Amino acid sequence: MMEGNFIENVNVTNVASNKSVSTNQEGTFTIPVNIGDALVFSAVNLETKRKVIAAEDLTEAFVIVKMSASIIPLKEVKVNDNSSITAENLGVIPKGQKKYTPAERRVHEATTGGGLVPLNPILNAISGRTTMLKKEVVAEKKERLLLRLDGWFEEKFYTNSLKIPQEYIKGFHYFLIEDNDFVRALKAKNKTLTKFLMSKLALSYKETISIP
């Protein structure tokens, strides 16, 4: 008798007599054996099992044999970086559907109800949750701008050209992304314009932190 999830059509062979049978849907089988005979259990999805018949096995009404699922290792897996395959092309989402960042998605669900609970927009407005989520969107956008700016210019540009101490560079980045003109230049990847605007904004920043 077999025990487990893959119990049907397991091949059972008595090596001594060379006789074979297959297990049924219940995992049971019958095969003539003698003490010392070796039974081999095999299946495509299972590890091959070998059992030698002992004297006590012949006194039992049935013998339970446990087998393990086989694991087939893959030699190599290649991920095809095919940019033409998208969720839209596969029909997962409609073409042209707006793509939301995590924070934007939470705002959308809070203000529209997500199509599930119409009262959500009202409840969220009363609780102030919508306002909080909108602030998360703003913070998320600023974080992306900071990541884009980080490493774009060498440190000596700030310290030598703009005369901003090294410990104030990160604060200057936060100061920069509050300026709309600078943000537009940064998004456009216009390095010449960003440098020009940074020179002007550096003067205001140094006044703010009292650096001559």
Side-chain angles (χ1 to χ4, degrees), residues 73-212:
L74 300 177
K75 292 183 178 180
E76 183 178 11
V77 177
K78 290 185 178 180
V79 178
N80 183 15
D81 185 16
N82 192 335
S83 58
S84 64
I85 299 177
T86 64
E88 291 183 350
N89 292 340
L90 295 175
V92 177
I93 61 174
K95 289 189 176 181
Q97 177 173 302
K98 178 176 173 59
K99 297 178 178 63
Y100 296 97
T101 65
E104 289 172 336
R105 188 179 301 110
R106 288 193 290 271
V107 171
H108 177 72
E109 291 172 354
T111 55
T112 64
L116 297 174
V117 185
L119 288 177
N120 260 358
I122 299 174
L123 296 175
N124 281 310
I126 293 174
S127 66
R129 181 168 181 267
T130 301
T131 301
M132 177 190 71
L133 293 175
K134 287 181 177 179
K135 288 180 179 179
E136 285 187 18
V137 173
V138 173
E140 186 181 69
K141 289 180 178 179
K142 288 183 178 181
E143 189 64 30
R144 290 202 300 269
L145 290 171
L146 288 169
L147 288 174
R148 182 178 297 187
L149 183 57
D150 189 33
W152 209 23
F153 296 96
E154 294 183 3
E155 185 177 295
K156 63 182 180 181
F157 170 70
Y158 296 97
T159 56
N160 297 347
S161 300
L162 301 181
K163 306 301 181 184
I164 294 176
Q166 187 273 336
E167 63 270 21
Y168 287 99
I169 293 176
K170 183 59 68 175
F172 183 50
H173 285 179
Y174 281 94
F175 184 80
L176 290 171
I177 62 173
E178 294 298 329
D179 185 86
N180 292 332
D181 290 334
F182 179 81
V183 168
R184 281 192 289 269
L186 180 62
K187 288 181 177 179
K189 299 180 181 180
N190 189 330
K191 205 163 188 176
T192 301
L193 181 56
T194 55
K195 270 190 174 183
F196 173 74
L197 293 172
M198 287 171 79
S199 298
K200 291 176 58 179
L201 292 169
L203 298 175
S204 300
Y205 179 68
K206 286 187 289 186
E207 289 179 2
T208 302
I209 60 177
S210 301
I211 294 178

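Just so you know, these numbers come straight off a predicted model, no measurement behind them.
- A donor-acceptor pair under 3.5 Å is formed between the side chain of K163 and the backbone N or O of N160.
- Sorted pairs that involve residues 190-204 and meet salt bridge (Lys or Arg N to Asp or Glu O under 4.0 Å), not counting sequence neighbours, are lacking altogether.
- Residues meeting the ring pair (Phe, Tyr, Trp, His ring centres under 6.0 Å) test with Y174, sequence neighbours left out: none.
- Annotation for T159 and P165: closest pair CG2-C, 4.4 Å, computed over non-hydrogen atoms.
- Legend: ring pair (Phe, Tyr, Trp, His ring centres under 6.0 Å) pairs involving residues 175-201, not counting sequence neighbours, sorted by first then second residue: F175-Y205.
- In terms of heavy atoms, I177 sits closest to V183 at O-CG2, 3.3 Å.
- Using modelled atom types and a 3.5 Å distance limit, the side chains of H173 and Y168 yield no donor-acceptor pair.
- With sequence neighbours left out, K156 forms a salt bridge (charged side-chain N to carboxylate O under 4.0 Å, His left out) with E154.
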K189 vs T194, side chain to side chain contact (heavy atoms under 4.5 Å, CB included): CA-CA, chis, key distance, verdict | CA-CA 8 Å; K189 299 180 181 180; T194 55; over 6 Å; no
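- The shortest non-hydrogen separation linking I169 to I164 is N-CG2, 4.2 Å.
- Screening residues 173-182 for salt bridge (Lys or Arg N to Asp or Glu O under 4.0 Å), with sequence neighbours left out, gives K142-E178, D181-R184.
- Remark: S161 OG to F153 CZ distance equals 10.5 Å, nearest 0.5 Å.
- Between the CG atom of N180 and the CG atom of L197 there is a distance of 11.5 Å, given to the nearest 0.5 Å.
- Between K187 and R148, the shortest heavy-atom distance links the atoms CA-NH1, 2.9 Å.
- How far CG of D150 is from NZ of K170: 4.5 Å, rounded to the nearest 0.5 Å.
- Contact detail for M198 and F172: the closest heavy-atom pair is O-CZ, 3.7 Å.
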